Asks: 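First the structure, which I've put down as structure tokens, then a few questions once you've had a look.
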Amino acid sequence: MEAIERYIAQHRLQPGDPLPTESEFCTFLGVSRSSVREAIRQLQALEIVSVHQGRGAFVGEMTLRPFVKSVLLRCSVSPDSIEALRQVIVLRRVLDRGIAQDVVAVFADTRNDDLHDLVNAMEEKARRNESFVEEDIAFHSGLLRPLDNLLMGQLVGAMWRIHMEALPSLHQSPGDMLDTALAHRAMLLAIEAGNVNAYLDAVNAHYQPLEDLLSQQ
């Protein structure tokens, strides 16, 4: 597995690029075909390699889905699922705060109607006591897109999915949901105004209702 990973790195292969055949890898690495097949099978599970019947092996998408599955399993077997979720939220907050300077630099003195539409939808749904999960991830993805940082986007998206899927049956009050929606608007207005401190305050307000709810469990 490590030798195939090194081959991908040394040749700077990108997702979708073809890999050598099993026979070629056997020759390169001096190992048996069964060893190559097992290595490819394990790398396929990690999305580092993708195998297409009749076409061969290719560099995989290399997403963070395996990471998400692993963390979700850890949350599910944790003796304290509430604490596990709290740790996920802490990490999400750290990531959101960590990109503050970059996000403000990109969005300062701009107007972003698509993000305002998402926030409007969040507030409307919150007032109807409806979930706004899709709008939430679309909002955060929209903040990251101009940064042109694929890894950051994947990591934030992964932590968001872990957060949503690991969320136990906690009932947020309509007031808490509205506070969360309003925090998104405050985040957006802060970055458009170029105000880093206001953005950081809004990030804290974003997570506060859920942290308060978890502290009551």
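For clarity, every value in this text was computed on a predicted model and none was experimentally measured.
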Asks: Is Arg127 salt-bridged to Glu124, cutoff N-O under 4.0 Å?
Replies: no
Asks: For the residue pair Ile40 and Val51, establish whether any side-chain heavy-atom pair is separated by less than 4.5 Å.
Replies: yes
Asks: His52 and Phe58: which non-hydrogen atoms are nearest, and at how many Å?
Replies: CD2-CD1, 3.3 Å
Asks: Quick one: are Ser50 and Glu61 in side-chain contact, heavy atoms under 4.5 Å?
Replies: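 No, side chains not in contact.
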Asks: Does Thr110 use its side chain to pair, donor to acceptor, with the backbone of Val106 at less than 3.5 Å?
Replies: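 Looks like no, no N/O pair under 3.5 Å.
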Asks: Taking atom CG of Asp114 as the centre, does the number of heavy atoms from other residues, nucleotides or ligands within less than 6.0 Å exceed 12?
Replies: yes
Asks: Do Thr180 and Gln208 have side chains that approach each other closer than 4.5 Å (heavy atoms only, starting at C-beta)?
Replies: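 Thr180 vs Gln208: side chains apart.
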Asks: CG of Leu43 to CG of Leu19: how many Å apart, nearest 0.5 Å?
Replies: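 If we round to the nearest 0.5 Å, Leu43:CG and Leu19:CG are 9.0 Å apart.
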Asks: Might you work through the side chain to side chain contact (heavy atoms under 4.5 Å, CB included) test for Arg185 and Asn120, ending with a clear yes or no?
Replies: CA-CA 8 Å; Arg185 182 175 297 284; Asn120 290 338; 2.4 Å; yes
Asks: For the atom pair CE (Met177) and OG (Ser131), what is the distance rounded to the nearest 0.5 Å?
Replies: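 Met177 CE to Ser131 OG: 6.0 Å, rounded to 0.5 Å.
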Asks: Any chance you could measure Arg111, atom CZ, to Asp109, atom CG, to the nearest 0.5 Å?
Replies: 13.5 Å
Asks: Is the number of heavy atoms from other residues, nucleotides or ligands within 6.0 Å of CD (Glu5) greater than 12?
Replies: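 Buried by this count: over 12 neighbours within 6.0 Å.
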Asks: If you count heavy atoms of other groups shown closer than 6.0 angstrom to CD of Gln42, is the number above 12?
Replies: yes
Asks: When hydrophobic residues are tied together by side-chain contacts of less than 4.5 Å, even through go-betweens, does Leu13 share a cluster with Val49?
Replies: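 They do share one cluster, since a chain of ILVMFWY contacts under 4.5 Å joins Leu13 to Val49.
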Asks: I'd like to know if the side chain of Asp17 reaches the main chain of Gln14, judged simply by a donor and an acceptor atom lying under 3.5 Å from each other, with no hydrogens or angles considered.
Replies: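 Confirmed, Asp17 side chain pairs with Gln14 backbone.
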Asks: Membership question, hydrophobic clusters at under 4.5 Å side-chain separation (ILVMFWY): are Val104 and Leu147 in the same one?
Replies: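 Same cluster: Leu147 reaches Val104 through Ile, Leu, Val, Met, Phe, Trp or Tyr contacts under 4.5 Å.
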Asks: So, for Gln154 and Met62, which heavy atoms are closest and what is the spacing to 0.1 Å?
Replies: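 Heavy atoms only, the tightest pair is OE1-O, 4.0 Å.
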Asks: Contact between His184 and Glu135 at the side-chain level, heavy atoms closer than 4.5 Å - yes or no?
Replies: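 Sidechains of Glu135 and His184: no contact.
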Asks: If we ignore hydrogens and angles and just use 3.5 Å, is the side chain of Asp136 paired with the main-chain N or O of Phe132 as donor and acceptor?
Replies: no
Asks: Is there side-chain contact between Ile48 and Val59, with at least one heavy-atom pair below 4.5 Å?
Replies: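 The answer is no, as the side chains (C-beta and beyond) never meet within the 4.5 Å cut-off.
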Asks: Could you tell me whether the side chain of Glu192 and the main chain of Asn112 form a donor-acceptor pair under 3.5 Å?
Replies: yes
Asks: For Pro15 and Gly60, work out which heavy atoms get closest and say how close.
Replies: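 In this case the closest contact between Pro15 and Gly60 is CB-O, 3.3 Å.
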Asks: Taking Ile137's backbone N and O only, do any of them form a donor-acceptor pair with Ser141's side chain (distance below 3.5 Å, no angle check)?
Replies: yes
Asks: Working note: Phe139 + Met187, criterion side chain to side chain contact (heavy atoms under 4.5 Å, CB included); need CA distance, chi angles, decisive distance, verdict.
Replies: CA-CA 10 Å; Phe139 177 86; Met187 291 169 65; 4.2 Å; yes
Asks: For the pair Ile99 and Leu144, evaluate side chain to side chain contact (heavy atoms under 4.5 Å, CB included) and give the outcome as yes or no after the intermediate values.
Replies: CA-CA 9 Å; Ile99 63 174; Leu144 290 168; 3.6 Å; yes
Asks: Measuring from atom CE of Met152 to atom CG of Leu155, what distance do you get when rounded to the nearest 0.5 angstrom?
Replies: 6.5 Å
Asks: Start with the C-alpha gap between Leu182 and Val119, add the side-chain angles, then the distance that decides, and say whether side chain to side chain contact (heavy atoms under 4.5 Å, CB included) holds.
Replies: CA-CA 8 Å; Leu182 292 173; Val119 172; over 6 Å; no
Asks: Are Tyr199 and Asp96 linked by a side-chain donor-acceptor pair shorter than 3.5 Å?
Replies: no
Asks: Applying side-chain contact (heavy atoms from CB on, under 4.5 Å) between Lys125 and each of Met122, Arg128, Glu123, report the one that passes.
Replies: Arg128
Asks: Flag the pair His140 / His206 as yes when their ring centroid distance falls below 6.0 Å, and as no otherwise.
Replies: yes
Asks: Flag yes if Phe28 and Ile4 sit in one hydrophobic cluster, no otherwise; membership is Ile, Leu, Val, Met, Phe, Trp, Tyr, and two members link when side-chain heavy atoms are under 4.5 Å apart.
Replies: yes
Asks: So, taking the atom named CZ in Arg41 and the one named CD in Glu38, what distance separates them when rounded to the nearest 0.5 Å?
Replies: 4.0 Å
Asks: Answer yes or no: are there more than 12 heavy-atom neighbours, outside Arg12 itself, under 6.0 Å from its atom CZ?
Replies: no
Asks: Starting at OG of Ser23, measure out to CZ of Arg33 and round the result to the nearest 0.5 Å.
Replies: 3.5 Å
Asks: Over all heavy atoms of both residues, which pair between Leu115 and Leu143 is shortest? Give the atoms and the distance, please.
Replies: CD1-CD2, 4.0 Å
Asks: Nearest heavy-atom pair of Ala198 and Asn195: which atoms, and what distance?
Replies: N-OD1, 2.9 Å
Asks: Which atom pair, heavy atoms only, marks the closest approach of Ala108 to Gly194?
Replies: CB-CA, 3.8 Å
